[in-house]
Amino acid sequence: MDRYLVFGHPVRHSKSPFIHTLFARQTQQELEYGLAEPAVDEFAQALRTFFDQGGKGCNVTVPFKEQAFTLVDRLSLRAKRAGAVNTIKLTDDGVLLGDNTDGAGLVADLKSHGVTLADSRILLLGAGGAARGALAPLLAELPSELVIANRTHTKAQQLAAEFHDLGPVTAQTYEQLAGPFDLVINSTSASLQGELPPLAPALIHTDIAIYDMMYGASDTAFISWAKQHGARQTMDGLGMLVEQAAEAFTVWRGIRPGTKQVLRELKRNLGVI
């Protein structure tokens with residue numbers, strides 16, 4: 001039976017085995033999917049051993065995505081742009097192909113919620129790996145403008161300059177931001193600590209769409225804050241998790257699973273519904 005893993009540290013909380021087991025059942029694919037939590041300095045060896053022992057593919061999560069980028073034989077265009085790898089496939093000719101499905105998962109989830117990206121004005125909070133992975137897929141949707149804001153402004157400037165060839169992307173300080181924006185995406189990890197990015201409440205209006213890449217059994221701090229200031233459409237990153245997994249499954253198996261029922265099952269598993 002074909003074997004797949006998710007590598008991370010820590011990774012025991014990962015919902016990837018749950019998601020991919022449902023995908024396999026739905027598409028009648030014979031595979032098994034497990035967890036691997038090597039020590040931070042043992043990832044490269046663990047990855048090699050997995051594929052040497054017949055592994056077919058894997059997901060890679062924190063803190064190994066950037067390291068995986070350097071360990072594969074070939075990179076997809078979106079992995080090159082993201083500067084990180086979250087999906088690896090052993091091809092038929094024995095090549096380890098590194099891909100990044102995070103941005104595609106974000107865009108798919110936004111569209112599933114009816115968010116219009118074309119000609120929209122998007123504010124992306126954060127300039128780390130999550131933001132980097134989202135930029136190319138977001139710009140491919142042809143927004144009118146994509147503004148990056150980050151606590152360290154120079155990082156936002158560097159990211160905007162790097163992706164400027166793909167579309168109208170600029171960097172602004174939090175103090176410079178002026179609305180209206182159609183969509184605000186929080187790619188920072190602030191919600192994990194119950195903290196908020198320093199965004200002015202005046203930027204929130206009733207017709208804005210708010211997206212937090214983090215998720216939990218209840219609203220994240222950012223979503224709660226946005227609702228308090230009038231946002232009517234708010235989304236967390238749980239759908240993105242399922243959509244990026246579906247993209248990875250497609251890379252591995254050549255068949256795209258449906259996500260709606262799997263997302264419902266995941267929400268039940270987490271106690272969200």
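Inter-residue side-chain proximity for Ile88 and Leu47 is flagged as met; some heavy-atom pair is nearer than 4.5 Å. At a threshold of 4.5 Å between non-hydrogen side-chain atoms, the residues Pro257 and Val262 do not count as touching. Contact of the Asn150 side chain with the Gln157 side chain is not registered, since no non-hydrogen atoms from C-beta on lie closer than 4.5 Å. Looking at Leu146 and Phe163, their side chains never come closer than 4.5 Å, going by heavy atoms from C-beta outward. Between Leu138 and Leu110, the closest side-chain pair of non-hydrogen atoms falls below 4.5 Å. Taking the side chain as every heavy atom from C-beta outward, Leu266 and Ile19 approach each other to under 4.5 Å. Side chains of Thr188 and Met214 form no contact here, defined as non-hydrogen atoms less than 4.5 Å apart. Considering only heavy atoms from C-beta on, Asp109 comes within 4.5 Å of Tyr211 through its side chain.
Under a hydrophobic-cluster definition in which Ile, Leu, Val, Met, Phe, Trp and Tyr are linked whenever side-chain heavy atoms come within less than 4.5 Å, directly or via other members, Val6 and Phe64 are assigned to different clusters. No continuous path of hydrophobic side-chain contacts links Leu96 to Val251 [ILVMFWY only; heavy atoms under 4.5 Å]. Under the 4.5 Å side-chain heavy-atom criterion for grouping Ile, Leu, Val, Met, Phe, Trp and Tyr, Ile210 is connected to Leu196 within one hydrophobic cluster. Cluster annotation: Val72 and Leu90 are assigned to the same hydrophobic cluster (Ile/Leu/Val/Met/Phe/Trp/Tyr, side-chain heavy-atom contacts under 4.5 Å, transitive). Residues Met235 and Leu199 are members of separate hydrophobic clusters, defined by side-chain heavy-atom contacts under 4.5 angstrom among Ile, Leu, Val, Met, Phe, Trp and Tyr.
Panel note: side chain Gln26, backbone Gly258; a donor-acceptor pair is recorded below 3.5 Å. The main-chain N or O of Gln67 is found under 3.5 Å from a side-chain atom of Thr70 such that the two form a donor-acceptor pair.
Not counting sequence neighbours, Tyr215 has no partner by the side-chain hydrogen bond (donor to acceptor under 3.5 Å, both in side chains) test. Scanning for side-chain hydrogen bond (donor to acceptor under 3.5 Å, both in side chains) contacts around Thr116 gives an empty result, with sequence neighbours left out. Residues meeting the salt bridge (charged side-chain N to carboxylate O under 4.0 Å, His left out) test with Lys227, sequence neighbours left out: Asp219. Residues satisfying the side-chain contact (heavy atoms from CB on, under 4.5 Å) test with Glu141, not counting sequence neighbours, are Val107, Lys111, Leu117.
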Side-chain atoms of residues 124-135: list all donor-acceptor pairs with protein atoms under 3.5 Å, sequence neighbours left out, distances to 0.1 Å.
{"from": "Arg132", "atom 1": "NH1", "to": "Glu162", "atom 2": "OE1", "distance (Å)": "3.2"}
{"from": "Arg132", "atom 1": "NH1", "to": "Glu162", "atom 2": "OE2", "distance (Å)": "2.6"}
{"from": "Arg132", "atom 1": "NH2", "to": "Glu162", "atom 2": "OE1", "distance (Å)": "3.2"}

Exercise answer: donor-acceptor pairs, residues 38-46 side-chain atoms, under 3.5 Å, sequence neighbours excluded:
{"from": "Gln45", "atom 1": "OE1", "to": "Arg48", "atom 2": "NH2", "distance (Å)": "3.4"}
{"from": "Gln45", "atom 1": "NE2", "to": "Thr49", "atom 2": "OG1", "distance (Å)": "3.1"}

Do any side-chain atoms of residues 174-183 form donor-acceptor pairs under 3.5 angstrom with protein atoms, and if so which ones, sequence neighbours left out?
{"from": "Gln176", "atom 1": "OE1", "to": "Thr173", "atom 2": "N", "distance (Å)": "2.8"}
{"from": "Gln176", "atom 1": "OE1", "to": "Thr173", "atom 2": "OG1", "distance (Å)": "3.4"}
{"from": "Asp182", "atom 1": "OD2", "to": "Arg121", "atom 2": "N", "distance (Å)": "2.7"}

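Summarising the geometry of Leu238 relative to Lys267, their closest heavy-atom pair is CD2-CG, 3.6 Å, with the distance given to 0.1 Å. Across all non-hydrogen atoms, the minimal contact from Leu139 to Pro143 is O-CD, 3.7 Å. Residues Ala209 and Val115 approach most closely at CB-CG2, 4.3 Å, considering heavy atoms. The shortest heavy-atom contact between Ala246 and Arg256 is O-NH1, 4.1 Å. Among all heavy-atom pairs drawn from Ser16 and Tyr33, the shortest one is CB-OH, 3.3 Å. Summarising the geometry of Ala171 relative to Ala160, their closest heavy-atom pair is N-CB, 3.9 Å, with the distance given to 0.1 Å.
Distance check, rounded to the nearest 0.5 Å: OG1 of Thr234 to CD1 of Ile223 gives 5.0 Å. Here the OG1-CZ distance, from Thr91 to Arg74, works out to 5.5 Å after rounding to the nearest 0.5 Å. Separation of atoms CG (Leu5) and NZ (Lys56) is listed at 14.0 Å; rounding is to 0.5 Å. Distance check, rounded to the nearest 0.5 Å: CD1 of Ile255 to OG1 of Thr250 gives 8.5 Å. For the atom pair CG of Leu241 and OG of Ser14, the computed distance is 7.5 Å after rounding to the nearest 0.5 Å. Note that the OG1 atom of Thr259 and the CD atom of Glu247 stand 11.0 Å from one another [nearest 0.5 Å].
Only one option out of Phe249, Phe18, Tyr4 pairs with Phe23 in a ring-ring contact (aromatic ring centres under 6.0 Å, His included); it is Phe249. Of the candidates Asn59, Asn86, Asp102, Asn100, Lys65 forms a side-chain hydrogen bond (donor to acceptor under 3.5 Å, both in side chains) with just one, namely Asp102.
Using cut-offs of 30° and 60° for the angle between ring planes, the Trp252 and His20 rings count as tilted.
For the 3.5 Å distance criterion, the side chains of Ser76 and Asp99 qualify, holding a donor opposite an acceptor.
Note on residues 191-205: pairs passing side-chain hydrogen bond (donor to acceptor under 3.5 Å, both in side chains), not counting sequence neighbours, are Ser191-Asp212. Counting only residues at least two apart or in different chains, salt bridge (charged side-chain N to carboxylate O under 4.0 Å, His left out) contacts with residues 5-23 comprise Arg12-Glu37. The stretch residues 20-33 participates, sequence neighbours left out, in these salt bridge (charged side-chain N to carboxylate O under 4.0 Å, His left out) pairs: Arg3-Glu32. For residues 70-127, no pair satisfies ring pair (Phe, Tyr, Trp, His ring centres under 6.0 Å), with sequence neighbours left out.
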Apply side-chain contact (heavy atoms from CB on, under 4.5 Å) to residues Trp225 and Ile204 and explain how you reach the verdict.
CA-CA 10 Å; Trp225 175 85; Ile204 306 301; 3.7 Å; yes
Working note: Arg78 + Thr101, criterion side-chain contact (heavy atoms from CB on, under 4.5 Å); need CA distance, chi angles, decisive distance, verdict.
CA-CA 8 Å; Arg78 56 190 179 185; Thr101 66; 3.9 Å; yes
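Residue Val62 belongs to no hydrophobic cluster, having no ILVMFWY side-chain heavy atom closer than 4.5 Å to its own.
Asp92 CG: 12 or fewer foreign heavy atoms inside a 6.0 Å radius.
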